[in-house]
Amino acid sequence: MPELPEVETIKKYLERKIVKQKIQDIKIFDRKGFKGEKNKVIGTKILKIKRKGKFLIFILNNSYNLLFHLKMTGQILFFNFLRNSEINKATKVIFVLNNGYLIFNDVRRFGWVKVVAEKNLKEEIKNLGIDALNLTFDDLKEILSKTKRPIKLVLMDQRRIAGIGNIYANEALFLAKINPLKPANSLKNEEIKELLEAIKIVLKKAINYGGSSISSYVKPDKRKGKYQEKFLVYRREGEKCKNCKTVIEKIKLGGRSTFYCKNCQK
DNA sequence: AATCGTTCCTGATAGC
DNA sequence: TGCTATCAGGAACGAT
């Protein structure tokens, strides 16, 4: 699933390829995936690419933005030339640029791209919490003190902290040796500090590895990320903990699969 | 106000 | 082999 590291990887790739390029045309294959007027975008130049949490934002030169959310299976691909074989039933939108083709695919059709006037962008993402990479100790302490919900649910709550999804919540909690069920407001200062460090280490390392290619995530050139090879607990139920050899458990929490080591994460 | 359960969607997989 | 049932999951939404 595209979480912060995957969206950041896509952002970095696209910065090298499509900034300063002109959008010549937009071909829409799935109306559900394209919100707003495409005429506001055709003929504009892409000035800048930003990321907030799991959102990807193209800043255009006419005070409009393109706001993407990839949800679970969204893919953004970029090719200088378009092969017919690249168009399939998951293809939602193709942006025709002067130097190539930006393809937005999404098998499960939850993802979307929206044309937003720059002045309305804040309103669009007003519910988004602090980006996980900018989180400070004081921020995290404040957020956790306000609820007794299980810590994992709070880490994944985009209104509190933006960018962490199921993979990296599981991985960060393991690294910090904290049980995912532990009430958020019961964490001691030392644990909060460990958790903050773990979040940053896991996210930055995942970015360095180009994200995690499970499900359908790939980089815009279709190459896979490599962080899935580094997972310590995610999808490792029944396998041995890399610290202590205890068998990794899988439970459901808030309807999501949760993986942890009973021995290491008290 | 905060939190919980449901819903959207389709491909992969399990079970018979 | 081929069918059906279940599962995966981000986040908006309505209900509590």
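Here is how names work: the chains are called A, B, and so on, in the same order as the sequence lines, proteins then strands, and each is numbered from 1. All figures in this text were calculated on a predicted structure; none of them were measured in a lab. Computed from heavy atoms alone, side chains included, the values below leave out hydrogens, waters and symmetry copies.
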Worksheet item: With A:E194, which residues qualify under salt bridge (Lys or Arg N to Asp or Glu O under 4.0 Å), at least two apart?
Response: none
Need one value for [X]: base, sugar-phosphate or nothing, where a base atom within 4.0 Å counts as base even if backbone is also close, heavy atoms only.
{"X": "A:F68", "answer": "nothing"}
{"X": "A:M1", "answer": "sugar-phosphate"}
{"X": "A:S216", "answer": "nothing"}
{"X": "A:K250", "answer": "sugar-phosphate"}

Worksheet item: Within this structure, what is the CG-to-C1' distance between A:L70 and B:dC9, rounded to whole angstrom?
Response: 16 Å
Worksheet entry | Covered region of DNA chain C, 5' end to 3' end, by chain A [heavy atoms, under 4.0 Å] |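 On DNA chain C, the outermost contacted nucleotides are C:dA8 to C:dA11.
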Acceptor/donor pairs from residues 244-256 of chain A side chains to any protein atom, 3.5 angstrom cut, sequence neighbours excluded:
none

Discussion item. Can you list everything that forms a side chain to side chain donor-acceptor pair (under 3.5 Å) with A:T9? Sequence neighbours excluded, please.
Written reply: none
Discussion item. Tell me which one of A:Y168, A:Y227, A:Y217 satisfies side-chain hydrogen bond (donor to acceptor under 3.5 Å, both in side chains) with A:E6.
Written reply: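 So, applying the side-chain hydrogen bond (donor to acceptor under 3.5 Å, both in side chains) to A:E6 and each of A:Y168, A:Y227, A:Y217, only A:Y168 qualifies.
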So does [Y] get a backbone contact from the side chain of [X], meaning a donor-acceptor N/O pair under 3.5 Å?
{"X": "A:Q75", "Y": "A:K222", "answer": "no"}
{"X": "A:T147", "Y": "A:R149", "answer": "yes"}
{"X": "A:N170", "Y": "A:N166", "answer": "yes"}

Discussion item. By the ring-ring contact (aromatic ring centres under 6.0 Å, His included) test, which pairs, at least two apart or in different chains, include something from residues 233-258 of chain A?
Written reply: A:F231-A:Y234, A:Y234-A:F259
Practice prompt. With sequence neighbours excluded, give me every ring-ring contact (aromatic ring centres under 6.0 Å, His included) pair touching residues 118-143 of chain A.
Written response: none
Worksheet item: For DNA chain B, which residues in residues 27-37 of chain A have a heavy atom at a distance below 4.0 Å?
Response: A:K32
Anything under 3.5 Å between a donor and an acceptor, one on a side chain of residues 57-73 of chain A, the other on a protein residue two or more places apart or in another chain? List them.
residue : atom : partner : partner atom : Å
A:N61   : OD1  : A:K45   : N            : 3.0
A:N62   : OD1  : A:Y64   : N            : 3.2
A:N62   : ND2  : A:K40   : O            : 2.8
A:H69   : ND1  : A:K71   : N            : 2.9
A:T73   : OG1  : A:D106  : OD1          : 2.4
A:T73   : OG1  : A:R108  : N            : 3.0

Worksheet item: Is the shortest side-chain N/O distance from A:K89 to OP1 or OP2 of B:dT10 below 4.0 Å?
Response: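 Answer no for this pair, as no side-chain N or O of A:K89 is under 4.0 Å from OP1 or OP2.
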Under a 4.0 Å threshold between the charged nitrogen and the carboxylate oxygen, would [Y] count as salt-bridged to [X]?
{"X": "A:E191", "Y": "A:K177", "result": "no"}
{"X": "A:D139", "Y": "A:K141", "result": "no"}
{"X": "A:K54", "Y": "A:E3", "result": "no"}
{"X": "A:D221", "Y": "A:R223", "result": "yes"}

Discussion item. Angle between the end axes of the helix from B:dA2-C:dT16 to B:dC16-C:dG2, five pairs per end, to the nearest 10 degrees?
Written reply: 50°
Discussion item. By nearest heavy atom, map A:F259 and A:W112 onto DNA chain C; which one lands nearer the 5' end?
Written reply: A:F259
Worksheet entry | Interface with DNA chain C, restricted to residues 102-111 of chain A and to heavy atoms under 4.0 Å | A:R108, A:F110
Every protein N/O within reach of nucleotides 1-4 of chain B N/O, cut-off under 3.5 Å:
residue : atom : partner : partner atom : Å
B:dT3   : OP1  : A:T147  : OG1          : 2.7
B:dT3   : OP2  : A:R160  : NH2          : 3.4

Response to the item:
Contacts of A:K17 meeting side-chain contact (heavy atoms from CB on, under 4.5 Å) (sequence neighbours excluded), chain-then-number -> A:Y13, A:F78
Item to complete: Working to the nearest 0.5 Å, report the span between CD1 of A:I207 and NZ of A:K12.
Response: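 A:I207 CD1 to A:K12 NZ: 5.5 Å, rounded to 0.5 Å.
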